[in-house]
Amino acid sequence: MTDIKVALVTGAARGIGRAIALRLASSSYHVVVGDLDHAAVLRVQEEIEQGGGKSTAVQLDVTAKDSREATLRLCSEKLGRLDVLVNCAGVLKDVLIERMPLTLFSSLMAVNLIGPLALIGASVDLMRRSGGGAIVNISSRAWLGTFGSTAYSTSKGGLVGASRSLALELGRYGITVNCIAPGFIETEMTAALPEHVRQQIFASIAVRHIGQPDDIARAVAFLAEAPYCTGQVLPVCGGRSIGVPELSVNEELKEHQ
Amino acid sequence: MNISALPDSDITPLRDSPSNPAWLVGSCENARTLHKLVPTLQTSDATETTPVAALQCVCVVPSIPEPLPADQWTAETLEASVEQPLLWTVTELQTVISRLIEAEKPGRLVVALPSDHAMGVDGNAAAGTVCGGILSMCRTLSMELKRKSIAVNVLLVDTDACLELPDVAASLRQQLALLLDLDSWMTGQEIWVADGSELGRKRP
């Protein structure tokens, strides 16, 4: 087994996943960056290497068994270990319950919940052989409920429920399992929102600004090295989860989607 | 409010069953146990086969997967143990909700979950996943459906305690009666009928 710790980050091509990969690389992890978009994730690998870090890019479809197995084989056979698994791959599609096709529900479950859980299941043995480690599931503030997000919030709440029981199950092997619940984070989608909607969102955030991907990455870096913290959900949302009731904001947001 | 100051006629005792017909939907072991504890509920295996007019106040009881260690998980086992109960639950709720919205009727929806798995159980994370997913599903639905006068609540039940302790079983009947009663209004709540087993612990 090598001395260099290995972290696997799914959905690492852009946004929050990319920021997590960069942050863990700066903490001396060899970061396996996985994403469906191979070209984009290769650019993240280059970015890490240009900064003096170590990285391997893989094309990863979390819903495909072959793809998950190939990624873990790489961790095991080429890198010799797996210390941190960050489940960040996910999709968001909102629609009101009465108009929600069940195919949409299933497709979100596949990417946001079943794929990550299957990856966890396949990773446990390697993490145990590596002497323990940390699993960080990127849930969402929508876990608390979000207007128009039945499928998405179900998938993210599922991750929270899974993490609690997994923490009880895997703690004896030195594996921690936690969730991060990001709030409103600056992305291409949020940047495109009308100004008055953005202002409403600002008003619902205690710190009065939209979060950056690195805000989530810093929380991941903490949980990756926190062996006495497990089974928890860490909201990283600028206080939005305790703030102004957001029903009207979310109703308006849905009108723009 | 000083309740002792109220005239006796203003104090309504808690009922054991709602004043309107209420249905229990589900055919799993937990559904059968709940019906044993609350026999006043009318039963249905699936909302699709139940008369439209009848389904206004519904308690849905999803099946909960059997224990399976995480290192034995595969996509196939997870689809069967996690996705199917979630899909079944959302399908049943969606059927009722669509009918209520179309008929412009108020509704009272309750999902009953096992309290222990909602809190987390060593060795059955699939069950924890189902419970966590449904809790969030119901939180979102309660926000969406409030404007349609449809209430969505979750009842977290320790059925063993209910079967063993008459007081806990009575509490279950009263809580369920309140949540399914068209004459009352409460939404977005998670009510624990677990004989205190969740106390002193961080709830999901």
Side-chain angles (χ1 to χ4, degrees), chain A residues 63-65 68 96-100 102 105-106 109-110 113-115 117-125 128 139-140 142-172 175 177 231-233 245-247 250-251, chain B residues 67-79 81-84 86-87 89-91 93-94 97-102 113 117-148 150 152 188 201-204:
Chain A
T63 67
K65 182 182 178 186
R68 291 191 301 266
L96 296 173
I97 181 67
E98 64 265 31
R99 297 201 291 264
M100 183 185 72
L102 292 175
F105 186 86
S106 290
M109 292 308 122
L113 187 59
I114 303 299
L117 294 185
L119 192 57
I120 289 172
S123 301
V124 167
D125 182 55
R128 284 180 65 178
S139 177
S140 165
W143 143 71
L144 293 169
T146 295
F147 192 97
S149 292
T150 300
Y152 186 70
S153 63
T154 300
S155 68
K156 296 302 186 178
L159 281 180
V160 170
S163 299
R164 291 175 67 105
S165 293
L166 284 169
L168 294 172
E169 181 175 341
L170 302 179
R172 60 176 65 89
I175 300 172
V177 189
Q232 305 302 309
V233 185
E246 60 178 66
L247 194 59
N250 278 287
E251 283 181 5
Chain B
L68 184 67
D71 59 4
Q72 293 175 31
W73 279 354
T74 64
E76 291 74 25
T77 60
L78 288 166
E79 280 161 11
S81 62
V82 173
E83 186 182 353
Q84 285 309 312
L86 292 174
L87 192 58
T89 305
V90 80
T91 302
L93 291 173
Q94 190 181 43
I97 290 163
S98 298
R99 289 174 174 187
L100 289 174
I101 290 175
E102 193 178 343
L113 296 173
H117 290 295
M119 290 298 290
V121 170
D122 180 354
N124 199 349
T129 307
V130 170
C131 291
I134 291 173
L135 279 169
S136 293
M137 180 194 297
C138 291
R139 289 167 186 163
T140 286
L141 290 178
S142 65
M143 294 169 87
E144 269 188 54
L145 298 171
K146 183 169 172 278
R147 59 187 183 162
K148 307 278 188 187
I150 299 171
V152 183
R201 302 166 69 189
K202 188 175 173 187
R203 295 181 188 183

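Sequence lines set the chain letters: A, B, ... in the order given, protein chains first and strands last, and positions in each chain run from 1.
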Which region of [X], side chain (C-beta onward) or backbone (N, CA, C, O), has a non-hydrogen atom less than 4.5 Å from a non-hydrogen atom of chain A, or is it both or neither?
X        : value
B:Leu93  : neither
B:Asp71  : both
B:Leu86  : both
B:Ala118 : backbone
B:Ile97  : side chain

Residue, of [options], that accumulates the most heavy atom pairs under 4.5 Å with chain B:
options                                : value
A:Gly231, A:Ser163, A:Ser123, A:Gly157 : A:Gly157
A:Ala122, A:Ala142, A:Ser153, A:Ala118 : A:Ser153
A:Thr150, A:Leu113, A:Leu159, A:Asp125 : A:Thr150
A:Val160, A:Leu166, A:Val233, A:Leu170 : A:Leu166
A:Thr154, A:Thr63, A:Ile114            : A:Thr154

Please evaluate residues A:Met100 and B:Val90 with respect to the criterion side-chain contact (heavy atoms from CB on, under 4.5 Å), reporting the C-alpha separation (whole Å), side-chain torsions for both, the decisive distance (0.1 Å), and the verdict. CA-CA 10 Å; A:Met100 183 185 72; B:Val90 80; 3.7 Å; yes
Is B:Thr140 reaching over with its side chain to a backbone N or O of A:Thr146, donor-acceptor style, under 3.5 angstrom? yes
Heavy-atom check, side chain of [X] versus side chain of [Y], under 4.5 Å:
X        : Y        : result
B:Trp73  : A:Val124 : no
B:His117 : B:Asn124 : yes
B:Leu87  : A:Met109 : no

With a 4.5 angstrom heavy-atom cut-off, could you sort out which part of A:Ser155 is near chain B: side chain, backbone, both or neither? neither
Bottom line for A:Leu119: the part with an atom under 4.5 Å from chain B's heavy atoms is neither
Which heavy atom of B:Arg201 sits nearest to which heavy atom of B:Met119, and what is that distance? CB-CE, 3.3 Å
